[in-house]
Every structure is written in structure tokens, then in C-alpha cells.
Amino acid sequence: MELYLDTANLEEIREIALWGVLSGATTNPTLVAKEFAARGERLTWDGLRSHLATLCELVGGPVSAEVTALEAEAMVAEGRRLAAIHPQIVVKLPTTEEGLRACKRLSAEGIKVNMTLIFSANQALLAARAGAAYLSPFLGRVDDISWDGGELLREIVEIREVQDLPVRVIAASIRHPRHVTEAALLGADIATMPYGVFKALLKHPLTDLGLKRFMEDWDKVKP
Ligand code: G3P
């Protein structure tokens, strides 16, 4: 399973990319808005274009950028503009009727589409049939309403296998390290997670304690 960062923050990408385990990144309008607000910058098309291009260079893999248009024709136009920014851009579209129509058209043009806001197996099936390259079921938000995000992912991965659909499944809306383990066990192709979860994947108190003891013992005998 590949590991992506779910962020529009360049520092976070820079840091995690150094680990050598980062395969891609996903963004959404909330994450991009948060990033520009934090820097006190007004969001302009030129600013967004240069931000996404830098993000692509830092990641060195696919970067999902979401359209904000809600109508198919406008989604297609925005998707083409986003895809033209960098060859690594994947156009993210909401799983709505308009989103499906836009997905079909952009995919036919060879533009990779990530269908987002997936909360049911049937939405995933529709998105795959519309030609999506990636499906993004939202585990955390399903768990938030006391349903089972893991079960949703399990169904989607199984449908992809049984139906032999040429689509990659991204476990999204990851909230904690256990979600990542669960996604890997269930056969997700990718897990996209916030910076904090990425950092938490590595942390274990016994690793820190073990290293401390090794160093203390070493210090006792070293010349
Ligand atoms: O980018 C899509 C998804 O990962 C959002 O996660 O935590 O806002 O539900 P979250």
C-alpha cells in the first residue's frame, strides 16, 4: 500500500518526502484554503498554479487537486486547467451526477480522475464505471456518524477485485494510525493521511526507550 500525505502544506511535504516513503499527495478545497489563509495570502489562480506545481515537484508522485465547480461543463474546464499545471496532477471530482459526467469526459481525454466524497460501495462502482483512475472512500467521516468506515473500504476493495475494475482505491479521511493498518490489511492501494498521522505511524515508546538504553550501555564502555 502506498502512503500519501493529505495536505497542501509544503513544509509537511518537504519533511516527510525526506523519509523516502512518500508516494503522492491529496488536497481538497479545505486544505488549500487553510494553507493560503495561514500565510495571509489571497487565493488567486496564479498563486494556486504555482503552489500546486511546487507541491508536485516536492512529492515526485501523483498530486490530487480538486475542482470547485459544481456543474459538469465547468468541472471539465477547471479539470483541464488543473491537469495542465503539471503532469503529476490528478483531478479530484465529487461523486455527484455532475461529477460522474465530468469524470467520463476528462478520463476519455486521458486526464486521471480521483473521485472523492465516496460514502457507499455503489457510489464507488459508479465512479469506477465513469472511468475514474482513483476512488476515495472517506473512512473517518463514516466512522464519525457511527457507521463502519473499514467495512465500506472492504466492500469497495472486494468489488474492485471481483469485478476486475481498473481503478486504484485510496483510503481517505484517515484519522489515526489504526486506520492505516486497517487499510493495509483490507488491501487498499493507497492510504492518504494528515501529517500528524504520518508522524504517529513511526512513533513507539518502546523504540525510544530501547534506543535510550542502547546508548546508555554504549556510553559506559566506549573509550
Ligand atoms: O482529502 C479528503 C479527506 O482525506 C478528508 O479527510 O479528515 O477532512 O475527513 P477529513
Side-chain angles (χ1 to χ4, degrees), residues 1-13 16 21-38 43 48 51-52 55-56 58-59 61-70 75 78-79 82-83 85 88-96 99 102-103 112-121 123-124 127-128 132-154 156-157 167-184 186 188-201:
M1 182 176 78
E2 291 175 5
L3 306 173
Y4 283 18
L5 262 173
D6 195 24
T7 187
N9 183 282
L10 301 180
E11 293 314 312
E12 292 178 357
I13 300 270
I16 302 296
V21 298
L22 187 66
S23 297
T26 49
T27 68
N28 62 37
T30 301
L31 293 171
V32 172
K34 191 175 131 202
E35 197 48 34
F36 276 75
L43 183 59
L48 178 66
H51 191 82
L52 288 172
L55 224 144
C56 286
L58 291 175
V59 171
V63 172
S64 289
E66 191 160 342
V67 304
T68 49
L70 296 175
M75 283 178 177
E78 197 180 342
L82 288 170
I85 293 173
Q88 286 160 222
I89 291 283
V90 173
V91 174
K92 216 171 173 190
L93 299 173
T95 308
T96 59
C103 178
K112 287 210 167 86
V113 173
N114 173 2
M115 290 300 277
T116 190
L117 291 167
I118 290 182
F119 293 95
S120 79
Q123 285 180 321
Y134 300 90
L135 306 174
S136 287
F138 276 30
L139 273 60
R141 292 194 197 182
V142 172
D143 287 352
D144 286 347
I145 57 160
S146 297
W147 286 30
D148 189 346
E151 179 56 17
L152 169 66
L153 179 63
R154 193 195 60 72
I156 293 172
V157 168
V167 68
R168 306 194 79 204
V169 180
I170 305 181
S173 185
I174 295 253
R175 298 283 167 73
H176 47 73
R178 199 58 214 166
H179 268 152
V180 180
T181 309
E182 199 180 357
L186 290 169
D189 301 290
I190 296 153
T192 189
M193 68 207 81
Y195 171 80
V197 175
F198 222 115
K199 295 281 277 189
L201 295 185

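These numbers come from the heavy atoms of this one structure, side chains and all, not from hydrogens, waters or symmetry mates. Residue numbers count from 1 along this sequence. As the structure is a computational prediction, the values presented were derived from the model and not from experiment. Counting starts at 1 for both ligands and their atoms, in listed order.
Here the closest heavy-atom approach between residue A25 and residue L55 is recorded as CB-CD2, 4.0 Å. Closest approach of V180 and M193 over heavy atoms only: CG2-SD, 3.9 Å. Residue I156 comes nearest to S120 through the heavy atom pair CD1-O, 4.3 Å, listed as atom of the first residue, atom of the second, then distance.
A distance of 9.0 Å separates CD of E35 from CD of E11, quoted to the nearest 0.5 Å.
At a heavy-atom distance under 4.0 Å, only side-chain atoms of K92, from C-beta outward, approach ligand 1.
Applying the ring-ring contact (aromatic ring centres under 6.0 Å, His included) test to F198 and every residue at least two apart in sequence or in another chain returns W19.
Close approach to R141 involves these atoms of ligand 1, each under 4.0 Å from a residue heavy atom: 5 (C), 8 (O), 9 (O), 10 (P). For ligand 1 and D6, the ligand atoms under 4.0 Å from any heavy atom of the residue are 1 (O), 2 (C), 3 (C), 4 (O), 5 (C), 6 (O). Counting the atoms of ligand 1 from 1 in the order shown, those under 4.0 Å from a heavy atom of A172 are 4 (O).
Looking only at heavy atoms of the protein, atom 6 (O) of ligand 1 is closest to S173 CA, 3.3 Å. In this structure, atom 2 (C) of ligand 1 lies nearest to the protein heavy atom F138 CZ, 3.3 Å.
Ligand 1 is approached by R175 to a heavy-atom distance shorter than 4.0 Å.
Formation of a donor-acceptor pair under 3.5 Å by the N114 side chain with backbone atoms of V90 is not found in this model.
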Using the rule given for side chain to side chain contact (heavy atoms under 4.5 Å, CB included), can you reason through H179 versus D143, listing the C-alpha separation, both sets of side-chain angles and the distance that settles it, and then say yes or no? CA-CA 10 Å; H179 268 152; D143 287 352; 2.7 Å; yes
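Considering backbone and side-chain atoms alike, N28 places an N or O below 3.5 Å from some N or O of ligand 1. Ligand 1 has no nitrogen or oxygen under 3.5 angstrom from a nitrogen or oxygen of T27.
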